[in-house]
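The structure under discussion appears below in the form of C-alpha cells.
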Amino acid sequence: MSPPHQKPADPPSLPGTPVKLVEESEKRSDYLVWSDYFMALAILASKRSKDPTTQVGCVIVDRDNKVLGTGYNGMPIGCDDDEMPWGKGDMNPLRNKHAFVVHAEQNALINSLGKAEGCTLYTVLFPCNECAKIIVQHKIREVVYMLDRNTWEMEGARILFKKTGIIYKQFKTRLPSVTLSFDKDCYETDKRFDKHDA
Ligand SMILES: Nc1ccn([C@H]2C[C@H](O)[C@@H](COP(=O)(O)O)O2)c(=O)n1
C-alpha cells in the first residue's frame with residue numbers, strides 16, 4: 001500500500017487503450033510567487049524603453065498586492081522619440097538624453113496617481129537621487145531593486161532612504177528566468193482546451 005501522503009499510482013494501461021490525459025484537478029505548483037511576478041512585470045515594462053543602452057522598468061504595488069502603476073524610462077509626453085537625443089557623449093548637455101528622459105520610477109509614481117503611500121516599488125535599476133526625492137515624497141515604504149551602480153547619484157538615494165526609513169533590498173529569486181512565449185503560453189494552451197472540450 002502507498003504511504004498516506006502519496007497519491008496511489010495509476011493502474012498500468014492496457015495495450016491498445018489511449019494514454020490518459022494528465023490530471024489537471026490540482027493546484028499548479030510552479031506558479032510565480034508575488035515578488036517574482038512583480039519583478040518580471042518591471043522587466044517586461046522595461047522592454048517598452050527606447051533607450052539604446054539602458055532599459056529600466058518599475059512597478060508600484062500596494063499592501064494587497066495590487067499594481068498601482070508601472071513605468072519605464074522614456075521621453076516626456078509630446079516629445080517625438082525620433083527627434084530627441086538618445087546618446088550621452090555630447091559636450092553639450094542639451095544634446096544628451098539625460099537632460100530629457102523621465103526615469104522609470106518617476107513614470108511609475110506619476111501613473112500611480114498619488115496613491116503610492118505605504119507601497120513597495122520594484123525597479124530593475126536602483127533609483128538615483130532625483131528619483132529618491134520623489135520616492136520619499138510619495139511615502140513609499142520599500143524599494144526592491146535588481147541592479148545597482150556605484151555612482152554618487154545612487155549613493156545620494158541610499159542616504160535619503162536611510163534618513164527617511166525607507167527599506168531597500170536587492171531582489172532575490174529561486175528562478176533563473178521567466179519565459180514568455182505567445183506561442184507556447186497562449187495558442188498551445190488554447191489548443192489543449194479545444195481537445196478537452198471536443
Ligand atoms: N534608476 C534609474 C536610473 C536610470 N534610469 C534611466 C535614465 C536613462 O534613460 C538610463 C540610464 O542611461 P545610461 O546612463 O546607463 O546610458 O536609465 C532610470 O530610468 N532609472
Side-chain angles (χ1 to χ4, degrees), residues 34-62 66-173 177-178 180:
W34 284 119
S35 56
D36 288 344
Y37 171 61
F38 295 133
M39 193 53 91
L41 273 184
I43 297 171
L44 189 62
S46 78
K47 305 288 178 198
R48 286 278 310 144
S49 176
K50 283 125 195 161
D51 189 314
T53 48
T54 308
Q55 301 83 43
V56 187
C58 178
V59 174
I60 298 183
V61 181
D62 75 7
K66 287 198 191 107
V67 174
L68 297 191
T70 66
Y72 58 89
N73 51 329
M75 291 298 168
I77 295 170
C79 298
D80 187 337
D81 288 330
D82 294 322
E83 289 171 7
M84 301 303 285
W86 286 107
K88 55 178 176 176
D90 202 288
M91 293 278 284
N92 179 350
L94 295 179
R95 292 207 195 104
N96 288 321
K97 64 179 177 183
H98 289 307
F100 307 107
V101 168
V102 184
H103 286 196
E105 299 93 317
Q106 296 168 355
N107 274 326
L109 284 165
I110 291 164
N111 292 338
S112 68
L113 304 174
K115 294 182 179 152
E117 183 168 347
C119 288
T120 301
L121 181 147
Y122 287 81
T123 178
V124 170
L125 188 56
F126 195 81
C128 70
N129 60 312
E130 291 300 330
C131 288
K133 293 178 199 173
I134 302 170
I135 289 169
V136 170
Q137 295 303 74
H138 277 84
K139 300 191 176 156
I140 288 283
R141 191 179 63 85
E142 186 179 20
V143 170
V144 182
Y145 64 96
M146 279 210 73
L147 307 170
D148 198 359
R149 286 179 180 173
N150 197 13
T151 62
W152 70 263
E153 289 93 340
M154 291 183 186
E155 187 49 33
R158 269 186 285 274
I159 292 171
L160 281 179
F161 292 158
K162 279 182 196 146
K163 283 199 181 298
T164 56
I166 295 178
I167 306 159
Y168 58 92
K169 61 181 188 204
Q170 192 154 30
F171 174 68
K172 288 202 169 47
T173 178
S177 63
V178 175
L180 205 158

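For ligands, and for the atoms within them, numbers begin at 1 and follow the listed sequence.
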Residue list, ring pair (Phe, Tyr, Trp, His ring centres under 6.0 Å) with Y145, at least two apart or on another chain: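 So Y145 forms a ring pair (Phe, Tyr, Trp, His ring centres under 6.0 Å) with F126.
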Name of the residue among K50, Q55, R48, K47 meeting side chain to side chain donor-acceptor pair (under 3.5 Å) with Y72: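 The side chain to side chain donor-acceptor pair (under 3.5 Å) with Y72 is passed solely by R48 among K50, Q55, R48, K47.
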Side chains of Q106 and L109 in contact at under 4.5 Å (non-hydrogen atoms):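 No. Closest side-chain heavy atoms not under 4.5 Å.
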Flag if over 12 foreign heavy atoms under 6.0 Å of CG, L94: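 Check passes, neighbour count above 12.
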Y37 atom OH, over 12 foreign heavy atoms within 6.0 Å: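 No - once you tally the heavy atoms of other residues, nucleotides and ligands closer than 6.0 Å, there are 12 at most.
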P93 to A99 - nearest heavy-atom pair and separation: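 For P93 versus A99, the nearest heavy atoms are O-CB, 3.5 Å.
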Protein N/O near ligand 1 N/O, under 3.5 Å, which pairs?
| unit_1 | atom_1 | unit_2 | atom_2 | d |
| --- | --- | --- | --- | --- |
| ligand 1 | 1 (N) | E105 | OE2 | 2.6 |
| ligand 1 | 1 (N) | F126 | O | 3.0 |
| ligand 1 | 9 (O) | D51 | OD2 | 2.6 |
| ligand 1 | 9 (O) | N73 | ND2 | 2.9 |
| ligand 1 | 12 (O) | K97 | NZ | 3.1 |
| ligand 1 | 14 (O) | K88 | NZ | 3.4 |
| ligand 1 | 14 (O) | H98 | NE2 | 3.1 |
| ligand 1 | 15 (O) | T54 | OG1 | 2.5 |
| ligand 1 | 15 (O) | R149 | NH1 | 3.0 |
| ligand 1 | 15 (O) | R149 | NH2 | 3.0 |
| ligand 1 | 16 (O) | T53 | OG1 | 2.9 |
| ligand 1 | 16 (O) | K88 | NZ | 2.8 |
| ligand 1 | 16 (O) | K97 | NZ | 2.6 |
| ligand 1 | 17 (O) | N73 | ND2 | 3.3 |
| ligand 1 | 19 (O) | A104 | N | 2.9 |
| ligand 1 | 20 (N) | E105 | OE1 | 2.9 |

